[in-house]
Amino acid sequence: MIDLKELRENPDRFRNGVRDKCMDVDIDRLLALDEARRAVLMRQENARAEQNRIGKESGARMGQLKGKLKSASDAEKPQLERELAELEAKPTALKAQVHECEVEMAQIEPQWKALWMQVPQPPAQDVPKGKGSDDNVEVRRWAPPGFDFAKTFAENRGFTPRTHLELVKMHGLVDFERGVKMAGTRHYVMCGLGMRLHQAVLRYAVDFMADQRGFSPMGVPVIVKEECMIGTGFFPAGREQAYHIEESARGSGHDLFLTGTGEVGLMGIHADEIVPAESLPLKYCTVSTCFRREAGAAGKDTAGLYRIHQFDKVEQVVVCRADEQESRAWHAQMIQSVETILQSLGLAYRLLQCCTGDLGVKNEDMIDIESWMPGRGELGRDGAPTGAFGETHSASRLGDFQCRRLNLRYKDETGKLRFAYALNNTVIASPRVLIPILEMHQQADGSIRVPEVLRPYMGGIAQIG
RNA sequence: GGUGGGGUGGCAGAGUGGUUGAAUGUACCGGUCUUGAAAACCGGCAGACCCUUUCUAGGGUCUCGAGGGUUCGAAUCCCUCCCCCACCGCCA
């Protein structure tokens with residue numbers, strides 16, 4: 001969430017942020033609610049202060065009188081009662097005042113809070129303006145030696161590619177029918193070498209981050225309380241995307257939600273903490289199963305491993321000092337890690353600077369990495385797909401938006417408490433990344449060459465089929 | 001699932017209706033002492049929010065698991081919920 005003080009001082013920054021992100025949050029209404037809230041708060045606090053003052057002044061006397069009253073004779077009672085009533089008159093009136101304020105507050109506060117939570121982090125200055133993914137700007141692209149983006153797959157490799165769907169069927173790597181039988185649409189069963197490849201990719205990515213980049217691997221909950229979802233910024237906006245375990249409906253416990261990314265568990269670790277400044281930057285990675293309802297995506301990418309309800313992902317996060325330059329440096333490093341991995345897997349990819357309209361509520365800067373998938377895209381003259389980029393990674397800078405929500409702080413050199421800056425990036429998401437791996441490494445006969453870096457994780461197997 | 005015991009400041013641990021945001025210990029920070037350290041002694045040591053401000057402070061409200069209630073006044077009494085611990089049962 002955003003800093004309310006900053007909103008009051010510089011509302012235009014947030015008005016523009018909302019506009020540039022093509023969102024609809026009424027900043028002026030929030031400002032009005034905020035002002036109303038503070039007015040009520042002030043009245044309430046003044047009444048309370050007076051109440052407390054009187055309590056200190058004559059509280060003891062009141063207690064005394066009450067005590068006396070119990071053992072008082074009938075003759076003494078009226079006098080005592082009178083004094084007591086006199087003493088109680090003022091605080092009783094104040095009590096009513098406080099209650100009045102509470103009632104008003106109960107009106108204002110929920111609206112104020114709800115609206116506040118919706119205000120997005122404004123995009124960084126240098127993020128290109130745009131309406132949606134069509135306005136994203138390509139930063140650079142890379143292809144393995146011998147692969148030229150200007151040519152078709154057939155021209156590059158000398159044969160027409162099979163789609164990953166054909167390849168997994170051919171080698172029995174994935175069983176969609178039985179996945180659907182058990183769990184419905186967008187579910188699948190990973191089989192044999194398919195499962196091994198899936199695991200190999202994940203293990204390789206975790207080991208890379210731990211060994212080559214010094215990130216601490218963590219195992220985190222994938223079913224979490226609502227606070228974690230709100231704290232990490234996925235709720236309220238993304239509520240429809242998350243599976244909801246409604247324990248409350250059973251009359252016990254609290255509701256839980258399945259996380260759609262390891263980011264939730266990783267960032268939740270230090271929620272409500274003041275971490276030692278020396279411990280920054282925190283560099284964590286995790287491999288976790290991710291669950292997504294894909295609400296609103298009906299009919300989109302229905303076939304294959306591209307858009308599924310359950311997958312596994314290695315995620316990396318960095319929590320660093322509240323310093324934009326440092327955050328940018330980490331962003332670059334996290335992206336570089338991914339590029340190293342993709343290159344070692346022999347995949348072709350491009351980096352896209354996402355435009356303002358393609359950003360979510362919580363990020364101020366986002367780079368998407370799309371891998372080339374030869375089996376995707378329009379059909380060519382020969383009836384085979386012409387290939388297309390498909391998003392496999394997303395690297396975000398969140399400023400202090402997420403840590404503010406999570407209440408994750410550190411003490412800076414001057415002793416001031418500050419909300420840390422957060423970043424996150426996919427390391428590898430599988431099985432989606434198996435699509436480019438299978439399609440890029442297929443041979444003319446349909447067999448698949450296993451990228452060398454994965455072989456140690458597959459018992460040395462170099463080829464599938 | 002059953003029974004019992006608990007949730008108070010970084011930790012430990014008092015406190016059962018009225019200057020208790022909270023004793024005490026300990027940890028931590030600063031100082032004195034010391035060649036240095038330890039010990040001892042002195043001082044400091046929660047956070048959020050609101051208001052004012054000569055931009056450095058000052059004032060106020062809230063917070064003792066969470067929420068609600070009783071009361072002039074709640075850490076303390078009542079209700080609901082959550083969590084933790086121990087033992088038993090069940091179980092991957």
Side-chain angles (χ1 to χ4, degrees), chain A residues 1-9 30-70 80-110 112-113 116-117 219 221-228 230-231 245-257 268 270-279 289 400 403-420:
Chain A
M1 70 195 148
I2 55 129
D3 185 355
L4 274 182
K5 279 184 199 135
E6 209 190 329
L7 176 77
R8 286 173 208 139
E9 280 160 23
L30 176 57
L31 285 167
L33 283 167
D34 182 56
E35 207 173 311
R37 193 189 83 97
R38 279 183 296 151
V40 175
L41 196 65
M42 236 204 296
R43 268 195 291 139
Q44 191 181 35
E45 286 186 0
N46 287 339
R48 274 256 161 76
E50 180 68 2
Q51 212 176 18
N52 289 343
R53 199 185 58 72
I54 293 170
K56 278 181 189 169
E57 209 173 77
S58 46
R61 177 70 187 149
M62 283 188 250
Q64 242 176 28
L65 287 171
K66 274 201 175 160
K68 273 190 191 172
L69 207 51
K70 276 181 197 156
L80 292 171
E81 273 166 356
R82 206 173 315 122
E83 195 186 337
L84 194 60
E86 220 168 272
L87 284 172
E88 283 181 354
K90 212 171 188 184
T92 305
L94 285 167
K95 192 186 178 183
Q97 251 181 59
V98 169
H99 182 72
E100 236 172 71
C101 292
E102 274 168 0
V103 170
E104 276 183 65
M105 200 54 113
Q107 279 286 323
I108 298 166
E109 198 141 35
W112 168 78
K113 188 81 191 280
W116 181 17
M117 296 306 274
V222 295
I223 61 178
V224 301
K225 296 182 190 168
E226 189 170 12
E227 290 95 290
C228 287
I230 293 172
I245 302 173
E246 209 171 2
E247 284 297 287
S248 61
R250 294 180 160 177
S252 75
H254 47 249
D255 284 9
L256 292 160
F257 296 86
H270 296 288
D272 292 316
E273 286 184 25
I274 297 169
V275 301
E278 317 83 79
S279 70
T289 302
D400 68 359
C403 290
R404 188 181 292 280
R405 279 202 187 214
L406 286 165
N407 195 25
L408 195 173
R409 294 171 295 172
Y410 70 96
K411 211 173 255 180
D412 72 9
E413 310 73 29
T414 66
K416 208 183 147 202
L417 289 173
R418 308 203 56 170
F419 292 105

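Heavy atoms only: backbone and side chains are in, while hydrogens, waters and symmetry mates are out. In what follows, chains are A, B, ... by sequence order, proteins preceding strands, each numbered from 1.
Between Leu256(A) atom CG and rC82(B) atom P the separation is 12 Å, expressed in whole Å. Here rG47(B) presents its P atom at 16 Å from CG of Leu408(A), a figure rounded to the nearest Å. Summarising the geometry, the separation between CG on Asn52(A) and P on rG59(B) is reported as 16 Å, rounded to the nearest angstrom. As a whole-Å value, the separation of Glu109(A) CD from rG67(B) C1' is 14 Å. Regarding Lys416(A), its NZ atom lies at a distance of 14 Å from the C1' atom of rU56(B), rounded to whole Å. Per the geometry, CD belonging to Glu278(A) stands 11 Å off P belonging to rC29(B), to the nearest Å. Straight-line distance from the CD atom of Glu226(A) to the P atom of rC82(B): 15 Å, rounded to whole Å. Residue Glu227(A) contributes atom CD, which lies 13 Å from atom P of rC82(B) at whole-angstrom precision.
Formation of a donor-acceptor pair under 3.5 Å by the Arg48(A) side chain with backbone atoms of Val98(A) is not found in this model. For the pair Trp116(A) (side chain) and Ile2(A) (backbone), a donor-acceptor distance under 3.5 Å is present.
The separation of rU76(B) from rA57(B), taken at their P atoms, amounts to 36 Å, rounded to a whole angstrom. Spacing of P atoms, rC90(B) relative to rC11(B), comes out at 37 Å, to the nearest Å. Rounded to whole Å, the P atom of rU26(B) lies 16 Å from the corresponding atom of rA38(B). Comparing the C1' positions of rG67(B) and rC72(B) gives a spacing of 24 Å, expressed to the nearest Å. Nucleotides rA75(B) and rG4(B) place their C1' atoms 24 Å apart, quoted to the nearest Å. Spacing of C1' atoms, rG13(B) relative to rG68(B), comes out at 29 Å, to the nearest Å. Between rA46(B) and rG21(B), the distance separating the two P atoms is 15 Å to the nearest Å. Nucleotides rA22(B) and rU61(B) have their P atoms positioned 13 Å apart, rounded to a whole Å.
Between Leu7(A) and Asp34(A) there is no side-chain heavy-atom pair separated by less than 4.5 Å. For the pair Phe257(A)/Ile223(A), no side-chain contact is recorded, criterion being any heavy-atom separation below 4.5 Å from C-beta on. Using a 4.5 Å heavy-atom threshold, the side chains of Leu4(A) and Arg8(A) count as touching. Contact of the Glu50(A) side chain with the Gln97(A) side chain is not registered, since no non-hydrogen atoms from C-beta on lie closer than 4.5 Å.
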I'd like a table of atom pairs between the protein and nucleotides 48-54 of chain B - only N or O on both sides, under 3.5 Å - with the distance next to each one.
{"from": "rA48(B)", "atom 1": "OP1", "to": "Arg409(A)", "atom 2": "NH1", "distance (Å)": "2.9"}
{"from": "rC50(B)", "atom 1": "OP1", "to": "Arg8(A)", "atom 2": "NH1", "distance (Å)": "3.2"}
{"from": "rC50(B)", "atom 1": "OP1", "to": "Arg8(A)", "atom 2": "NH2", "distance (Å)": "2.8"}
{"from": "rC51(B)", "atom 1": "OP1", "to": "Arg38(A)", "atom 2": "NH1", "distance (Å)": "2.8"}

N/O contacts under 3.5 Å, protein versus nucleotides 72-76 of chain B?
{"from": "rC72(B)", "atom 1": "N4", "to": "Lys66(A)", "atom 2": "NZ", "distance (Å)": "3.3"}
{"from": "rG73(B)", "atom 1": "OP2", "to": "Lys95(A)", "atom 2": "NZ", "distance (Å)": "3.4"}

Could you walk me through whether Asp400(A) and Arg404(A) pass the salt bridge (Lys or Arg N to Asp or Glu O under 4.0 Å) test, one step at a time? CA-CA 6 Å; Asp400(A) 68 359; Arg404(A) 188 181 292 280; 2.7 Å; yes
Test Glu35(A) against Arg38(A) for salt bridge (Lys or Arg N to Asp or Glu O under 4.0 Å), laying out the working first.
-> CA-CA 5 Å; Glu35(A) 207 173 311; Arg38(A) 279 183 296 151; 5.1 Å; no
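Across all strands shown, rG36(B) has no partner, as no Watson-Crick or G-U wobble contact with both distances under 3.5 Å is found. Checking rC87(B) for Watson-Crick or G-U wobble geometry (two distances, each under 3.5 Å) identifies rG2(B) as its partner. Using N1 to N3 plus N6-O4 or O6-N4 for Watson-Crick, or N1-O2 and O6-N3 for G-U wobble, each under 3.5 Å, rA23(B) pairs with nothing. For rU76(B), there is no paired nucleotide, since no Watson-Crick or G-U wobble pair has both relevant distances below 3.5 Å. The partner of rC41(B) is rG31(B), judged by Watson-Crick or G-U wobble contacts that both fall below 3.5 Å. In this structure, rC81(B) forms a base pair with rG65(B), meeting either the Watson-Crick or the G-U wobble geometry with both donor-acceptor distances under 3.5 Å. Pairing partner, rU70(B): none, since no Watson-Crick or wobble contact has both distances short of 3.5 Å.
Both Ala49(A) and Lys411(A) lie close to RNA chain B; mapped to their nearest nucleotides by heavy-atom distance, the more 5′-ward contact belongs to Lys411(A).
Looking at residues two or more places apart in sequence or on another chain, you find no ring pair (Phe, Tyr, Trp, His ring centres under 6.0 Å) involving Tyr410(A).
Annotation for Lys225(A) and Leu256(A): closest pair N-CD2, 3.8 Å, computed over non-hydrogen atoms. Across all their heavy atoms, Met105(A) and Pro110(A) have their closest contact at O-CD, 4.0 Å.
Counting any heavy atom pair closer than 4.0 Å across all strands shown, Asn46(A) reaches no nucleic acid atom.
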